[in-house]
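Below, chains carry the letters A, B, ... as their sequence lines are ordered, and counting in each starts from 1.
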Number of protein chains: 2
Amino acid sequence: MKRKVTLKQIAKELDVSISTVSKALRNSVEISEDTRLKVQAFAKLYNYRPNNIALSLKNRKTKTIGIIIPEIVHHFFSKVISGIESVANKRGYNVIVGLSNESFAKEVINMEMLANGSIDGFILSIAKETLQQQDYHHFTETINQGMPIVMFDRVVNDIKCDKVIVDDSQGAKLAVNKLIENGCKNIAIVTTKDYVSVGKLRTQGYLEALEDHKIDPKASLILKVHDQLLSEDHLDSLEIEIDNLFKNNKNIDGVFAVNELYAITAMKVARKLGLKIPEDLQIVGFTDGVLSKHAVPALTTVSQHGKKIGEKAAELLINNLEREDEEDYAETVVIETELIERKSTK
Amino acid sequence: MKRKVTLKQIAKELDVSISTVSKALRNSVEISEDTRLKVQAFAKLYNYRPNNIALSLKNRKTKTIGIIIPEIVHHFFSKVISGIESVANKRGYNVIVGLSNESFAKEVINMEMLANGSIDGFILSIAKETLQQQDYHHFTETINQGMPIVMFDRVVNDIKCDKVIVDDSQGAKLAVNKLIENGCKNIAIVTTKDYVSVGKLRTQGYLEALEDHKIDPKASLILKVHDQLLSEDHLDSLEIEIDNLFKNNKNIDGVFAVNELYAITAMKVARKLGLKIPEDLQIVGFTDGVLSKHAVPALTTVSQHGKKIGEKAAELLINNLEREDEEDYAETVVIETELIERKSTK
DNA sequence: ATGGGCTACGCAAACGTTTTCGTGTTGACA
DNA sequence: TGTCAACACGAAAACGTTTGCGTAGCCCAT
């Protein structure tokens, strides 16, 4: 077992100083061609690679991006990561992932753990619990210490930092407009509680679309799912809530769901109630994941281009990191949504 | 913008030496209670946190685990990551993720990038291309340099390192036995080319199950999907191949698919051909992801407990890292599979 | 012979820690 | 008063780099 070789060892072996070795490897003109070649040959032979940690310490930058997300077993978030990773890699950065599990405490711990030198900046999406408690001190402190943050998807306006979001309200309008065009008269929405910013915005888009078409919204058609963290475990209660929605509103002919799971579940419940899709009931979801694509019938949905979001977030962060001037910009990029029409609408 | 405070700054501010500060913070008996409290108060006030990078350099360990996987937008792999992350976090480690995209070159690059000091050890699942080329030098070299590796799922026996696998062949037998018990006489398998170790093993389990029941395998019932990297894009060709399978073997009454996508697609194709599931055709998949759970009918499948795999892999790696003696053990842990019966079988 | 200017290299500091060892000051004791 | 231990602290090395600067040795011109 041969340990990694260091400059010091090469220097000793070749009987020169450490600085000579370092300079030789970096092709400094200070070093004679003779020794330069000798050193380089030796380094190659022993497969010398500079130690990243030492470089990080010296340069005071790690070339590593910290990602904090609520969960990773989730199509959208993993898509975003893949986007981040792709541009990060291209630009010579690594990504280190922390999971908050939607918990405020874990989000804080994770960020503190990484903020102490391990990374150069954060890309994150806020945990539900944090949104609920509205305690954002860990974000502001991080930023105050000079460590940039890029937020995506679940963001909060008060914090001055780069953000990448989709136009949720616009996407929702896309969806609801489609339902209206297709002749739906009683369109229900299955959404989250308001503290989830994206849920709120999508609900808002739903309302605007109705308004645009002079349709009065009905409170009974708005289901704000009572989520205990939206784990897949309490799927039953979700089904029950949706079931009640349908039973209390027999005339529903369109459903807009703010995420895949809600949409799929709505479809399942509707089918159990004997409704035909899309003949009796049309459904549009949000987020284009595997579920939507492979559902039967395939689900019409609003794609938010997760990968693109990740790519853009990484670009913003890295640009920020590599900018010379110390101005702190705070850009908000909106990624276009797109309605993908499949079989759950006419 | 106040930068992170260092020992040196505290020392200067309090007019003591750096070593005194360090010792005071670590409650050394060498330091008088007086100065100890003073230093600690000051440190708390300025929210001092030791710099991870400096610690890593000094201790020659980073408390970070490198994960290299083929893709992250994938239910199984993200499950594994969540398992790794959970025990890593509990034991004070971070995880840094590299994606190979099934490419040999990217796998090598990623590993080299991380191996130079950034991490203490690897947990990885091998890229298809690597398996195809059978070039494993990057693994052996990494291990030779004293950096431990734990492989999971897609492993290769020649390499001496810890491994966490599921009993693929056993899991496949579970699935096929179920089909046989349920009365299937002509069971097809939709699998991968043989160089994907898990595909091969599952095929093997399929054959063994048939043999156990004195059923002669028929070559025409074995479809080894011609995958160009199994991206979701060339889904069409997958459908066509499965379509041909059914058309050339009208008597198929059971299908075992080695992954979710194959299973779902088989179901879709079967339905198009007018087959009723599970009446005319029973299907069992492998890997318990969202697709299986939410498919209609819900898919009977072999669960491989991805999260548990990740947890075990992390335990093995960290135990290895924190072991005192320098013996290099090489343990292989087999995680039990489980047949989850749902609606696609009788 | 002196000075100047290259060339080719080494020294040392710096990044932020931890830890070993050395040492100045105190008080007690003979 | 002199000795010694205990106490409280500082100096310095080490982890592995990079880099500004100093300088020894040489050649050439004056």
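Spacing between atom CD1 of Ile18(B) and atom C1' of dC9(D) amounts to 14 Å, rounded to whole angstrom units. If you take CG of Asn52(B) and C1' of dT18(C), they are 15 Å apart, rounded to a whole angstrom. When the P atom of dT19(C) is taken as reference, atom CG of Leu25(B) falls 13 Å away, rounded to whole Å.
Taking only side-chain atoms of Glu30(B), from C-beta outward, the nucleotide of dC11(C), dC15(C), dG10(D) with the closest atom is dG10(D). Checked against dT18(D), dC15(D), dT17(C), the side chain of Leu55(A) finds its nearest nucleotide in dT18(D). Out of dT17(D), dT17(C), dT18(D), the shortest distance to the side chain of Arg26(A) is found at dT18(D). Comparing atom distances between the Thr20(B) side chain and each of dT17(D), dC9(D), dA14(D) picks out dC9(D) as nearest. Distances were taken from every side-chain heavy atom of Lys23(A) (C-beta onward) to each of dT19(D), dA8(D), dA11(D); the shortest belongs to dT19(D).
Contact annotation: Lys61(B) side-chain N/O to dC15(D) OP1/OP2 distance is not under 4.0 Å. Between Thr35(B) and dA8(D) there is no side-chain polar atom (N or O) within less than 4.0 angstrom of OP1 or OP2. In this model, the phosphate group of dT18(D) is approached by a side-chain N or O of Ser22(A) to a distance below 4.0 Å at OP1 or OP2. Ser56(B) has no side-chain polar atom (N or O) that falls below the 4.0 Å cut-off from OP1 or OP2 of dT17(C). Using a 4.0 Å cut-off, some side-chain N or O of Arg60(B) falls inside it from OP1 or OP2 of dG16(D).
His74(A) and Phe77(A) have tilted rings, their planes meeting at an angle from 30° to 60° on a 0 to 90° scale.
Side-chain contact check for Arg60(A) and Asn51(B): no donor-acceptor pair (N or O, by modelled atom type) lies under 3.5 Å. Between the side chains of Asn89(B) and Glu85(B), at least one donor N or O lies within less than 3.5 Å of an accepting N or O. A donor-acceptor pair shorter than 3.5 Å can be found between the side chains of Asn52(B) and Ser118(A). Looking at Ser103(A) and Ser100(A), their side chains never bring a donor and an acceptor atom within 3.5 Å of each other.
Among the protein residues, Arg36(A) comes within range of no part of the nucleic acid, since none of its heavy atoms lies under 4.0 Å from any strand. Ser19(B) comes within 4.0 angstrom of a nucleotide base, judged by non-hydrogen atoms across all strands.
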